[in-house]
Asker: 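Take a look at the following structure, please.
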Amino acid sequence: MQDDAASRDDDAAERDAAEEASAFSHPAVDPDVTLPYGAHPDQVIDFYAPRDPDPAVPAPVVVVLHGGAWRAPYDRRHITPFADFLARRGFAVANVEYRRGEAPASAPGGPAIPAQSGPADPGRDDAPAAGAAPVAGRWPDTFDDVAAALDALPGLVRRALPGADPARTVLTGHSAGGHLALWAAARHLLPADAPWRTDRPAPLRGVVALAPIADFEVAEKLEVCGGASCQLLGGKALFEERLPYADPVRLLPTGIATTLVQGRTDIVVPQAVAESYADAAAKAGEVVGLTLLEDVGHFPLIDPAADACAVVAEEIAQLAF
């Protein structure tokens with residue numbers, strides 16, 4: 001029995017590695033325009049104009065928040081083929097960069113991209129242990145940036161993509177970016193003392209969250225991305241205190257149409273995390289769509305060569321058009 005389980009784990013790991021290699025095999029696609037939303041080098045948005053647009057119909061806007069466990073080595077470049085894929089399907093695309101965790105000091109010049117499920121450093125509050133993956137996220141900078149980017153977006157869209165319609169905006173994000181997408185759509189539900197709280201729901205057509213880290217407590221139990229969600233909140237000592245300000249499952253119901261897209265064979269952010277969010281939404285009186293894809297892992301959702309990516313585009317289109 002143990003041998004069978006080990007064999008299944010090996011098969012799953014091999015499949016995940018192959019899917020990740022495919023998703024990362026595409027060359028990065030340069031944007032049409034890049035505009036800042038703040039002074040930090042990471043406070044920028046790349047804009048992709050829709051390919052072959054219909055001049056009579058302004059294109060809807062898709063805001064993309066990349067994943068990578070909120071860790072520094074994963075920047076927005078890895079998701080540019082997905083942004084280009086959406087632009088080729090008629091969307092105006094805004095690919096948001098934001099500040100992430102610091103790279104280890106022992107890796108001058110920037111480390112190679114580590115596995116997203118790299119080793120956890122359970123005692124960390126401020127810095128990674130030797131050999132550990134880079135720290136996940138920067139509190140409060142990561143949240144500051146996503147809030148600022150979304151607040152600035154309508155004006156930046158009008159400057160960068162005058163043929164787009166910011167009134168028809170869909171927010172999407174992958175993995176850690178899926179968390180940020182759900183969080184950004186729920187800022188009106190944040191505690192009253194949260195600096196990112198808004199007075200009303202965001203003017204969005206909807207959210208399509210792709211394999212999102214949508215429930216931090218479940219994610220920590222499953223050791224998702226090496227304890228990244230605990231690191232994002234500053235470590236164990238601050239985890240419980242900061243959950244109400246950061247965990248999407250605590251911020252329901254949003255009143256905004258939301259769909260989760262999840263691969264059933266995802267071993268990076270397992271299906272149970274998305275299911276927990278959908279169940280919590282239902283208990284709060286809100287229907288959240290959950291599209292489960294057979295024989296799909298974590299990375300095909302943003303891989304233009306994968307059928308799952310076309311499913312994602314269709315889910316976005318159903319909200320945008």
Asker: Would you mind reporting whether Val224 and Ser229 have side-chain heavy atoms less than 4.5 Å apart?
Answerer: no
Asker: Tell me if a side-chain donor or acceptor on Arg264 pairs with a main-chain N or O of Gln262 at a distance below 3.5 Å.
Answerer: no
Asker: Just do the side chain to side chain contact (heavy atoms under 4.5 Å, CB included) check on Leu35 and Ile45 with the steps written out, would you?
Answerer: CA-CA 6 Å; Leu35 294 176; Ile45 303 176; 5.7 Å; no
Asker: Do the side chains of Leu290 and Val170 join up, straight or via other hydrophobic residues, at under 4.5 Å, putting them in one cluster?
Answerer: no
Asker: Looking at Arg100 and Asp145, is any side-chain nitrogen of the basic one under 4.0 Å from a carboxylate oxygen of the acidic one?
Answerer: no
Asker: About how many Å separate OH of Tyr37 and CG of Asp42, when rounded to the nearest 0.5 Å?
Answerer: 7.5 Å
Asker: Does a salt bridge link Arg250 with Glu217, judged by any charged N lying under 4.0 Å from a carboxylate O?
Answerer: yes
Asker: Give me the one residue out of Leu86, Val62, Ile79 that meets side-chain contact (heavy atoms from CB on, under 4.5 Å) with Asn95.
Answerer: Ile79
Asker: Do Leu189 and Val287 sit in the same hydrophobic cluster, where Ile, Leu, Val, Met, Phe, Trp and Tyr count as joined when their side-chain heavy atoms come under 4.5 Å apart?
Answerer: no
Asker: So, does Arg187 use its side chain to make a donor-acceptor pair with the main chain of Trp196 at under 3.5 Å?
Answerer: yes
Asker: May I have the list of side-chain donor-acceptor pairs in residues 310-321 shorter than 3.5 Å, sequence neighbours left out?
Answerer:
residue: Glu315; atom: OE2; partner: Thr291; partner atom: OG1; Å: 2.8

Asker: Hey, does Glu220 have a side-chain heavy atom less than 4.5 Å from the side chain of Leu233?
Answerer: no
Asker: Using modelled atom types and a 3.5 Å cut-off, is there a donor and acceptor pairing between side-chain atoms of Arg242 and backbone atoms of Leu232?
Answerer: no
Asker: Look only at the side chain of Thr258 and the backbone of Val288, and say whether a donor-acceptor pair between them is shorter than 3.5 Å.
Answerer: no
Asker: Please check this pair: side chain of Thr142 against backbone of Arg138, looking for a donor-acceptor N/O pair closer than 3.5 Å.
Answerer: yes
Asker: State whether Asp84 and Arg88 are salt-bridged, where the test is any N-O pair (Lys NZ or Arg NE/NH1/NH2 against Asp/Glu carboxylate O) under 4.0 Å.
Answerer: yes
Asker: Taking Asp247 for its side chain and Phe216 for its backbone only, find out whether a donor-acceptor pair lies under 3.5 Å.
Answerer: yes
Asker: Answer whether the closest heavy-atom distance between the side chains of Val296 and Asp307 falls below 4.5 Å.
Answerer: no
Asker: Strictly distance-based, threshold 3.5 Å: is any side-chain N or O of His179 a donor or acceptor partner for the main-chain N or O of Gly173?
Answerer: no
Asker: State, with a plain yes or no, whether a side-chain heavy atom of Phe47 is found less than 4.5 Å away from one of Pro31.
Answerer: no
Asker: Are Phe82 and Val96 connected in a single hydrophobic cluster, I mean Ile/Leu/Val/Met/Phe/Trp/Tyr linked by side-chain heavy atoms less than 4.5 Å apart?
Answerer: no
Asker: If the plane angle is over 60° it's perpendicular, under 30° parallel, otherwise tilted; pick one for His78 and Tyr74.
Answerer: perpendicular
Asker: Quick one: are Tyr48 and Thr80 in side-chain contact, heavy atoms under 4.5 Å?
Answerer: yes
Asker: In terms of the angle between their ring planes, are His66 and Tyr98 parallel, tilted or perpendicular, with boundaries placed at 30° and 60°?
Answerer: parallel
Asker: In Å, rounded to the nearest 0.5 Å, how long is the span from CG of Asp266 to CZ of Arg15?
Answerer: 10.0 Å
Asker: Are Leu190 and Leu171 connected, step by step, through hydrophobic side chains (Ile, Leu, Val, Met, Phe, Trp, Tyr) whose heavy atoms are closer than 4.5 Å?
Answerer: yes
Asker: Between Tyr277, Phe143, Tyr245, which is the residue that forms a ring pair (Phe, Tyr, Trp, His ring centres under 6.0 Å) with Trp183?
Answerer: Phe143
Asker: I'd like to know if the side chain of Glu19 and the backbone of Phe299 have a donor-acceptor N/O pair within less than 3.5 Å.
Answerer: no
Asker: Hey, any chance Leu252 and Val218 share a hydrophobic cluster, counting ILVMFWY side chains that come within less than 4.5 Å of each other, even indirectly?
Answerer: yes
Asker: For the side chain of His174 and the backbone of Val64, is there at least one donor-acceptor N/O pair under 3.5 Å apart?
Answerer: no
Asker: Can you check whether Thr265's main-chain N or O pairs, donor with acceptor, with Gln271's side chain at less than 3.5 Å?
Answerer: no
Asker: Can you tell me how far the CD atom of Glu275 sits from the CG atom of Asp215, to the nearest 0.5 Å?
Answerer: 11.5 Å
Asker: Show me the donor-acceptor pairs within less than 3.5 Å that the side chains of residues 154-161 make with the rest of the protein, sequence neighbours left out.
Answerer:
none

Asker: Assess whether a salt bridge exists between Arg77 and Asp30, defined as any Lys/Arg side-chain N lying under 4.0 Å from an Asp/Glu carboxylate O.
Answerer: yes
